[in-house]
Protein chains: 2
Amino acid sequence: MIKNTIRAAQEELKRKGYKLTGPRKAIINYLAESQEHPDMQQIFAGIRAEYPSIGMATLYRTLGLLLELDILRAITVKKNQLRYELKKPGDHHHHLVCTECSQILEFGSCSFKHISSEIETVTRYSIEYHNLEAYGLCPQCQATS
Amino acid sequence: MIKNTIRAAQEELKRKGYKLTGPRKAIINYLAESQEHPDMQQIFAGIRAEYPSIGMATLYRTLGLLLELDILRAITVKKNQLRYELKKPGDHHHHLVCTECSQILEFGSCSFKHISSEIETVTRYSIEYHNLEAYGLCPQCQATS
DNA sequence: AATCTAATTGATAATTTATTTCATTAAGGT
DNA sequence: ACCTTAATGAAATAAATTATCAATTAGATT
């Protein structure tokens with residue numbers, strides 16, 4: 001549910017003492033509504049449609065902030081090529097990335113929770129979140145090669 | 001075993017038809033011998049000690065190539081902060097990253113293999129490799145906060 | 001509703017990072 | 001030893017990211 005995603009993100013911002021500004025709302029809205037996994041350029045272009053005055057420094061700052069707050073996730077498609085997605089409350093998934101065409105597919109099964117607490121015990125780290133990305137060829141690129 | 005790591009990387013280069021040049025050897029050696037997980041700056045500085053004439057374009061090109069060939073792995077410590085490690089034959093592990101001090105700790109348990117083939121069946125992707133990174137606070141940073 | 005204060009913004013400049021270009025070098029096959 | 005072509009390194013160029021700072025605005029306080 002998009003509305004929940006937006007609300008959760010906004011509340012997290014306020015909870016941590018950050019102001020809910022126009023640019024931030026626009027960025028959150030754009031991310032929540034985008035089904036694909038846009039990169040920075042796409043986000044910038046997309047936001048400008050709704051909020052033409054936004055500067056690129058603000059976008060950098062805001063994405064950095066959302067990542068910091070663990071509201072946003074970055075998916076590494078290639079070296080120095082990140083794509084973004086807003087975290088949805090109650091949802092947990094990971095990504096398959098095509099090494100050829102950079103298509104991203106989500107998959108729901110996550111086996112990390114089974115070993116998470118053991119790793120915490122052994123390493124004494126307190127784990128806050130995790131990312132798993134699997135790389136390979138999508139069906140189309142398998143056919144092409 | 002460092003020698004095996006170096007040999008495996010070199011053989012993979014040759015196998016794919018790339019030349020085994022001085023700069024490439026120097027970079028592979030440096031990466032194989034470094035116990036920590038160096039970033040680009042550290043690698044550049046480290047290589048220059050052994051191979052002073054190396055240019056930075058060559059380092060960029062070589063790291064890109066090694067990543068492409070799946071010999072090298074990049075660990076995302078923060079947005080736009082990558083650290084590198086050469087893959088060791090027969091070894092498989094993942095990383096814990098401290099969100100505060102960026103310390104990296106390896107852990108051996110990987111639960112992905114159990115679900116990998118199911119994901120391949122369901123998604124029709126052919127998976128070549130995967131990366132898992134867990135983020136949290138290291139013991140020291142927990143104590144500080 | 002008007003006021004206040006500090007966080008936030010956006011334009012620009014400055015900086016850092018990454019890529020392209022191209023003449024020169026050297027790897028590896030013959 | 002030679003030959004062909006990939007690879008290198010220096011420099012130029014381009015692209016990405018961050019810092020600066022006056023102007024704006026969110027949200028608390030009256």
Side-chain angles (χ1 to χ4, degrees), chain A residues 6-7 9-30 38-69 71-72 74-84 102, chain B residues 6-7 9-30 38-69 71-72 74-84 102:
Chain A
I6 293 174
R7 188 158 36 76
Q10 292 188 351
E11 276 172 8
E12 181 66 2
L13 271 181
K14 304 212 71 168
R15 206 177 65 75
K16 293 269 178 64
Y18 295 98
K19 290 183 178 175
L20 194 51
T21 65
R24 285 174 182 166
K25 281 193 239 177
I27 291 168
I28 289 172
N29 288 346
Y30 175 82
D39 62 19
M40 177 106 52
Q41 296 305 326
Q42 291 174 297
I43 299 172
F44 191 59
I47 306 276
R48 285 225 128 160
E50 289 289 304
Y51 199 103
S53 75
I54 199 171
M56 123 131 70
T58 299
L59 180 56
Y60 275 104
R61 282 183 291 227
T62 304
L63 292 186
L65 177 62
L66 296 179
L67 285 170
E68 193 82 13
L69 297 183
I71 294 172
L72 184 69
I75 301 145
T76 300
V77 156
K78 281 197 170 62
K79 185 160 153 53
N80 301 318
Q81 270 194 247
L82 298 179
R83 313 244 311 254
Y84 297 91
S102 296
Chain B
I6 293 174
R7 186 158 39 75
Q10 292 189 350
E11 276 171 8
E12 181 65 4
L13 270 181
K14 306 213 70 170
R15 205 176 66 76
K16 294 268 178 63
Y18 296 98
K19 291 183 177 173
L20 194 51
T21 66
R24 285 176 182 166
K25 282 194 240 176
I27 291 168
I28 289 171
N29 288 346
Y30 175 82
D39 61 21
M40 177 104 55
Q41 296 305 325
Q42 290 174 299
I43 298 172
F44 191 60
I47 307 277
R48 287 225 126 160
E50 288 290 304
Y51 199 103
S53 75
I54 199 171
M56 105 146 69
T58 298
L59 179 57
Y60 276 104
R61 283 183 290 229
T62 304
L63 292 185
L65 177 62
L66 297 179
L67 286 170
E68 194 83 12
L69 297 182
I71 295 172
L72 184 67
I75 301 145
T76 301
V77 156
K78 283 197 170 61
K79 185 159 153 55
N80 302 318
Q81 270 195 246
L82 298 179
R83 312 242 313 251
Y84 297 92
S102 297

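Chain identifiers are assigned alphabetically (A, B, ...) following the order of the sequence lines, protein sequences preceding nucleic acid strands; residue numbering begins at 1 within each chain.
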Problem - Residues in side chain to side chain contact (heavy atoms under 4.5 Å, CB included) contact with Thr76(B), at least two apart in sequence or another chain - result: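 Scan of Thr76(B) (side chain to side chain contact (heavy atoms under 4.5 Å, CB included), adjacent residues dropped) gives Thr76(A), Leu82(B), Glu133(B), Tyr135(B).
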Practice task
Please list, in 5' to 3' order, the outermost nucleotides of DNA chain C lying under 4.0 Å from any heavy atom of chain B.
Solution key: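 Contacts span dT17(C) to dG28(C), reading 5' to 3'.
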Problem - Closest heavy-atom pair and its distance - Ala74(A), Leu67(A) - result: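 Of all heavy-atom pairs spanning Ala74(A) and Leu67(A), the closest is N-CD2, 3.9 Å.
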Practice task
Identify whether the distance between the nearest side-chain nitrogen and carboxylate oxygen of Glu12(B) and Arg15(B) falls below 4.0 Å.
Solution key: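 The answer is yes: the pair qualifies as a salt bridge.
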Practice task
Could you say whether Lys79(B) or Arg61(B) is positioned toward the 5' end of DNA chain D, judged by the nucleotide with the nearest heavy atom to each?
Solution key: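 The residue mapped nearer the 5' terminus is Arg61(B).
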Problem - Residue whose closest nucleotide on DNA chain D lies nearer the 5' end, Gly55(B) versus Met40(A) - result: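 Between the two, 5'-proximity favours Gly55(B).
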Of the residues in [range], which ones touch DNA chain C at a heavy-atom distance under 4.0 Å?
range: residues 42-53 of chain A; value: Tyr51(A), Ser53(A)
range: residues 12-20 of chain B; value: Lys14(B), Lys19(B), Leu20(B)
range: residues 21-29 of chain A; value: Thr21(A), Pro23(A), Arg24(A)

Practice task
Quick one: list whatever passes salt bridge (charged side-chain N to carboxylate O under 4.0 Å, His left out) with Lys78(B), sequence neighbours left out.
Solution key: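 Checked Lys78(B) against salt bridge (charged side-chain N to carboxylate O under 4.0 Å, His left out); zero matches.
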Problem - Nucleotides bounding contact with chain B, strand DNA chain D, heavy-atom threshold 4.0 Å - result: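 It runs dT5(D) to dT17(D).
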Under 3.5 Å, which donor-acceptor pairs do the side chains of residues 40-53 of chain B form with other protein atoms, sequence neighbours left out?
from: Gln42(B); atom 1: OE1; to: Asp39(B); atom 2: N; distance (Å): 2.9
from: Arg48(B); atom 1: NE; to: Pro52(B); atom 2: O; distance (Å): 3.4
from: Arg48(B); atom 1: NH2; to: Ile54(B); atom 2: O; distance (Å): 2.8

Practice task
Answer yes or no: are there more than 12 heavy-atom neighbours, outside Glu68(A) itself, under 6.0 Å from its atom CD?
Solution key: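 Count not over threshold, so no.
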Cut-off 3.5 Å, no hydrogens considered: what does the side-chain donor-acceptor table look like for residues 19-29 of chain A, sequence neighbours left out?
from: Thr21(A); atom 1: OG1; to: Arg24(A); atom 2: N; distance (Å): 3.3
from: Arg24(A); atom 1: NH1; to: Lys19(A); atom 2: O; distance (Å): 2.8
from: Asn29(A); atom 1: ND2; to: Lys25(A); atom 2: O; distance (Å): 3.4

Problem - By side chain to side chain donor-acceptor pair (under 3.5 Å) - contacts of Tyr84(B) (at least two apart) - result: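 Tyr84(B) satisfies side chain to side chain donor-acceptor pair (under 3.5 Å) with Lys79(A) only.
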Exercise for the section: Using side chain to side chain donor-acceptor pair (under 3.5 Å) as the criterion, list what pairs up with Gln10(A), not counting sequence neighbours. Expected result: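 For Gln10(A) there are no side chain to side chain donor-acceptor pair (under 3.5 Å) partners, ignoring immediate neighbours.
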Exercise for the section: Output the distance between atom OH (Tyr60(A)) and atom CG (Asn80(B)), rounded to the nearest 0.5 Å. Expected result: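 One finds 8.0 Å between OH of Tyr60(A) and CG of Asn80(B).
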Problem - Relative orientation of the end axes in the helix from dA1(C)-dT30(D) to dT30(C)-dA1(D), expressed as an angle to the nearest 10° (five pairs per end) - result: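 Answer for the end axes of this duplex: 50°.
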